[in-house]
Structures are given as structure tokens and as C-alpha cells.
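Everything on this sheet refers to the single structure shown next.
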Amino acid sequence: MRTTFFPGRKREYAMEPLRPVDATALANLHQDGFARPWSDGEFAALLEQEPVFGFAAREVGRPKAPPSGFVLARLAAGEAEILMITVARAVRRSGIGWSLMDAVLRELHAQRAESLFLEVDETNHGAIALYRRLGFIQVGNRPGYYENPGAGRSGALVMRRDLR
Ligand SMILES: CC(C)(COP(=O)(O)OP(=O)(O)OC[C@H]1O[C@@H](n2cnc3c(N)ncnc32)[C@H](O)[C@@H]1OP(=O)(O)O)[C@@H](O)C(=O)NCCC(=O)NCCS
């Protein structure tokens with residue numbers, strides 16, 4: 001459970017496992033954070049895959065409200081990767097991204113995974129700061145990996161967190 005304080009109101013968030021029925025809510029939230037949004041069909045197909053798992057941050061006491069953030073990950077043969085993480089713009093910087101990543105790390109420890117990888121746009125300084133604080137180190141880069149509509153290309157950093 002994560003507790004955050006917004007002006008005049010305390011909000012608590014629970015990190016709950018994702019299910020295929022969450023696909024539409026994830027697609028709606030994803031539109032808020034990325035230039036090329038994934039469709040609900042793409043999320044549904046991912047959530048049907050056996051090695052894919054994830055968590056949604058849900059505000060406690062508002063069961064019908066859409067999730068405030070989510071993370072999707074895949075684990076195969078001891079190696080895991082983050083496929084996607086996003087937090088609704090209005091509630092960023094209140095600890096939800098950290099709590100989502102923490103939920104993934106706990107699950108991977110329980111599964112005795114060896115390492116967790118991710119790719120992040122080299123210009124995404126907020127996400128890179130979060131990953132560094134969580135113990136990720138840069139292990140590679142992919143020049144020109146991302147195409148940014150109207151803003152050219154940017155590289156990806158490949159980051160890894162050892163779990164053993
Ligand atoms: C990246 C993202 C998921 C972080 O989620 P968040 O809930 O805002 O992050 P948190 O509040 O848990 O931040 C935890 C720590 O990470 C670091 N951090 C997070 N966002 C930051 C920012 N914009 N600038 C600097 N540091 C940041 C800080 O150290 C922060 O701790 P602090 O607030 O006590 O200083 C969120 O900004 C987001 O959804 N961005 C758009 C989608 C995206 O870029 N996803 C990543 C793709 S690889």
C-alpha cells in the first residue's frame with residue numbers, strides 16, 4: 001500500500017495484479033504518456049501471454065476509478081524485462097512509479113529471477129532517475145532507437161538490475 005498526500009486529501013494506492021479485462025483502461029492511460037499509444041487489443045494480447053505480468057496502481061476506496069498507473073513485465077528463463085510503465089500525468093511524482101517497480105521486483109524475487117532489463121529513451125531524465133535510484137545500471141545503448149514525431153530520433157539506454 002502506498003500513501004501520498006495531495007492538497008487537502010490523503011490518497012492511498014494499492015498495487016494489484018493486472019488481468020486481461022484491464023486492457024482498455026491500460027490503453028486509455030497509455031495515451032497520456034506516449035506519442036504512439038498502444039491499442040487495447042495490443043494490451044489484451046500481451047496480458048494473455050503466460051510470461052507477461054504486471055500491476056495497476058488503484059486508489060483505495062475508489063473501486064470504479066481507472067488505474068492511476070501500471071507496469072507490464074515479462075519473465076522468461078530467469079531474465080525479466082519491463083515492457084511498459086506509466087503513471088497518469090496528474091499524479092506523477094507522488095511515489096506511484098516507485099511502488100509499481102517495487103511490486104515487480106518483489107514478484108521477481110519470489111520467482112527467483114536473476115536480472116531485470118529495460119530500455120529507456122536517453123532524453124527521459126525522470127524515468128532514468130527513477131531507475132538509477134532503484135539500482136539499475138546502464139549496460140548498453142541503441143543509437144537512434146526511438147522515433148519522436150516532429151522531433152527526430154533519440155537513443156535508448158539499456159539498463160539492468162541484478163536480482164541475486
Ligand atoms: C517515469 C514515471 C513512470 C515515474 O513515475 P512517478 O510516479 O512520477 O515516479 P515516482 O514519484 O515514484 O518517483 C520516484 C523517484 O524517481 C525519481 N523521479 C521520478 N520522476 C522524476 C522526474 N520527472 N525528474 C527527476 N526525478 C524523477 C525521483 O528520484 C523520485 O523521487 P522523489 O520524488 O522523492 O525525488 C512517470 O514519470 C511516467 O509515467 N512518465 C511517462 C511514461 C514514461 O516515461 N515511462 C517510462 C518509459 S521507459
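These figures come from a predicted structure and were not determined experimentally. Counting starts at 1 for both ligands and their atoms, following the listed order. Residue numbers start at 1 and run along the sequence shown.
- Around CD of Glu50, the count of heavy atoms belonging to other residues, nucleotides or ligands within 6.0 Å does not exceed 12.
- Leu29 and Phe70 make their closest contact through CD2-CD2, 3.7 Å (heavy atoms, listed as atom of the first residue, atom of the second, distance).
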Report all side-chain donor-acceptor pairs from residues 149-161 shorter than 3.5 Å, counting only partners two or more places apart or in another chain.
| residue | atom | partner | partner atom | Å |
| --- | --- | --- | --- | --- |
| Arg153 | NE | Gly144 | O | 2.8 |
| Arg153 | NH1 | Glu147 | OE1 | 3.4 |
| Arg153 | NH2 | Gly144 | O | 3.2 |
| Ser154 | OG | Asp121 | OD1 | 3.1 |
| Ser154 | OG | Asp121 | OD2 | 2.8 |
| Ser154 | OG | Asn148 | ND2 | 3.0 |
| Arg160 | NE | Asp162 | OD1 | 3.2 |
| Arg161 | NE | Leu134 | O | 2.6 |

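- Ring-plane geometry between His30 and Phe43 is classed as perpendicular, the angle between the planes exceeding 60 degrees on a 0 to 90 degree scale with a lower cut at 30.
- Looking at Leu18 and Leu72, their side chains come closer than 4.5 Å, going by heavy atoms from C-beta outward.
- Protein residues are said to neighbour a ligand when one of their heavy atoms lies under 4.0 Å from it; for ligand 1 these are Phe34, Ile85, Thr86, Val87, Arg92, Arg93, Ser94, Gly95, Ile96, Gly97, Trp98, Glu119, Val120, Asn124, Gly126, Ala127, Ala129, Leu130, Tyr131, Arg133.
- Using a 4.5 Å heavy-atom cutoff, the side chains of Ser99 and Tyr13 are not in contact.
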